[in-house]
Amino acid sequence: MSKTLIRGAKVLGGEPQDVLIDGETITQVGTGLSAEGAEVVEADGKVLLPGLVDLHTHLREPGREDSETVLTGTRAAASGGYTNVFAMANTFPVADTAGVVEQVWRLGREHGYCDVQPIGAVTVGLEGRKLAELGAMHESAAGVTVFSDDGKCVHDAVIMRRALEYVKAFDGVVAQHAQEPRLTEGAQMNEGVVSAELGLGGWPAVAEESVIARDVLLADHVGSRVHICHLSTAGSVEIVRWAKSRGIRVTAEVTPHHLLLTDELVRSYNPVYKVNPPLRTERDVLALREALADGTIDIVATDHAPHPHEDKDCEWAAAAMGMVGLETALSVVQETMVDTGLLDWAGVAERMSFAPARIGRAEGHGRPVSAGEPANLTLVDTAYRGPVDPAGFASRSRNTPYEGRELPGRVTHTWLRGKATLVDGKLT
């Protein structure tokens, strides 16, 4: 078994320490450590975090391998410091059976760049009419704990209630894509001043907020867990804050792009800014940052949504919705939360590793950087600043809104159970 000595790393942003990895496990954390035959990584004050966990990733396989595959998606994840990702169910075929989720899970194990935990569909075919095989997916080799029709809302209140009741039996969670379909028919961007000026169909905040309000009440009635995907409005924040004050078992996520970008960018008509839910206003962005800082929003999740060139290089109305995010997420969080003083690096570890692992029940991930724990780690050069170049992405797709934009921070190393998947910024 190989040994690695990480020397002089700021563990969770604290004072520099040495970390010794032996095989798959962290064996020592301290100062002045040495180990005969160990490979030495000079951290030089870089920040060492537990391996990041993404509760919301689209890997596209099976069915849309022109956008992404489990291999390319997990390589992108390792490049961004992730050791575990949860793969959304809107594949072709839909991940609504034990067979499909096991296929995705096994592909993740075979490729080895990070662990892949499939998310099961809530309803058959994401059609919102009949519950999928929730129990069978949970009992499968994939051990599914998170269920979502992401990309579509579980808009039927009875179906949502039944799903919440079903997953309660094994402490699962339903992750809701909060979008009232009738209120967003023909919607192209956030409803507001900019949409009115551009003449684009508006996507009102209430379309998100009304579903969240309904679902936290349903979760309270059933006594089950509900998770809100890609929360994007100030009003949604207030609903979740109220629900948590009542003791309702709700958690919520925000994407990096909703922490940084606003609907003003849509004035360019560049489809790279077209996303679901849409980019909102500066007021919403500031509310989301505050909510992430105070814990109302529990986690950052990428909603990594790769698309081939032809699906984005077209007129706005015809373009697909979504952005890639695995390889830039940590940099955006540093820009919006750390460099602004809203979070320290321990807070980043909580929201990008510990909390998502707890919500998804990701065994072995989101663990402390201490002796006896699995060696799932990422090392970050926080002093780095440079432009984003999608040509260097490991993802198969290039639909990033940050091309050419300078962002801080760069992941230099990632370890999955002691095995380096990224060394000096290059995949192994």
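Side chains are part of it too, since the values below use all heavy atoms of this structure and drop only hydrogens, waters and symmetry mates. In what follows, residues are counted from 1 in the order of the sequence shown.
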salt_bridge([X], [Y]) N-O dist < 4.0 Å:
X: Asp150; Y: Lys152; answer: no
X: Glu238; Y: Arg241; answer: yes
X: Arg398; Y: Glu403; answer: no
X: Glu102; Y: Arg109; answer: no

Side chain of [X], backbone of [Y]: donor and acceptor closer than 3.5 Å?
X: Ser148; Y: Ala175; value: yes
X: His111; Y: Gly73; value: no
X: Asn84; Y: Ser353; value: no
X: Thr412; Y: Asp381; value: no
X: Ser140; Y: Ala98; value: no
X: Asn190; Y: Leu279; value: no
X: Gln117; Y: Ala142; value: yes
X: Arg417; Y: Pro374; value: no
X: Thr145; Y: Gly360; value: yes
X: His230; Y: Thr255; value: no

For [X] and [Y], test the side chains for any donor-to-acceptor distance below 3.5 angstrom and give the result as yes or no.
X: His257; Y: Asp303; result: no
X: Thr184; Y: Gln179; result: yes
X: Thr69; Y: Thr72; result: yes
X: Ser395; Y: Glu68; result: yes
X: His227; Y: Thr251; result: yes

Take Arg75 and Glu327, measure what salt bridge (charged side-chain N to carboxylate O under 4.0 Å, His left out) needs, and give me the verdict at the end.
CA-CA 9 Å; Arg75 284 169 63 89; Glu327 295 170 78; over 6 Å; no

Please report the C-alpha distance between Ile26 and Val369 in whole Å, then the side-chain angles of each, then the deciding distance to 0.1 Å, and finally whether the side-chain contact (heavy atoms from CB on, under 4.5 Å) criterion is met.
CA-CA 8 Å; Ile26 300 169; Val369 182; 4.2 Å; yes

Going by heavy atoms in the side chains, are [X] and [Y] under 4.5 Å from each other?
X: Tyr82; Y: Val411; result: no
X: Met88; Y: Cys229; result: yes
X: Cys114; Y: Thr421; result: no
X: Thr281; Y: Asp284; result: yes
X: Gln334; Y: Val47; result: no
X: His155; Y: Val211; result: no
X: Phe393; Y: Leu326; result: no
X: Val94; Y: Val100; result: no

Atom [atom1] of residue position [X] - does it have more than 12 heavy atoms of other residues, nucleotides or ligands inside 6.0 Å?
X: Glu406; atom1: CD; answer: yes
X: Glu197; atom1: CD; answer: yes
X: Arg214; atom1: CZ; answer: yes
X: Lys10; atom1: NZ; answer: no

Result for salt bridge (charged side-chain N to carboxylate O under 4.0 Å, His left out) between Asp298 and one of Arg249, Arg351, Lys244, Arg225 points to Lys244

Given the rule in the side-chain contact (heavy atoms from CB on, under 4.5 Å) test, do Leu52 and Asp54 qualify, once you have shown the distances and angles that lead to the verdict?
CA-CA 7 Å; Leu52 306 183; Asp54 188 17; over 6 Å; no

Arg106/Glu110 under salt bridge (charged side-chain N to carboxylate O under 4.0 Å, His left out): CA gap, chis, key distance, verdict:
CA-CA 6 Å; Arg106 293 187 193 283; Glu110 289 169 9; over 6 Å; no

Evaluate the criterion side-chain contact (heavy atoms from CB on, under 4.5 Å) for residue pair His258 and Glu253; output intermediate values, then yes/no.
CA-CA 10 Å; His258 286 113; Glu253 72 190 32; over 6 Å; no

Taking it one step at a time, do His309 and His307 satisfy ring pair (Phe, Tyr, Trp, His ring centres under 6.0 Å)?
CA-CA 7 Å; His309 179 71; His307 292 292; over 10 Å; no

Working note: His365 + Asp115, criterion side chain to side chain donor-acceptor pair (under 3.5 Å); need CA distance, chi angles, decisive distance, verdict.
CA-CA 9 Å; His365 294 276; Asp115 288 344; 2.7 Å; yes

Would you sort out whether Thr328 and Ser331 count as a side chain to side chain donor-acceptor pair (under 3.5 Å), showing the intermediate values?
CA-CA 5 Å; Thr328 52; Ser331 292; over 6 Å; no

With side-chain contact (heavy atoms from CB on, under 4.5 Å) as the test, would you mind laying out the steps for Thr378 and Thr83 before giving the verdict?
CA-CA 8 Å; Thr378 186; Thr83 55; over 6 Å; no

Applying side chain to side chain donor-acceptor pair (under 3.5 Å), name anything that partners Ser232, two or more places apart in sequence or on another chain.
Glu208, Arg280

Mind checking whether Tyr166 and Phe170 have parallel, tilted or perpendicular rings, split at 30° and 60°?
perpendicular

Please report the shortest heavy-atom distance between Lys274 and Ala319, naming the atom on each side.
NZ-O, 3.0 Å

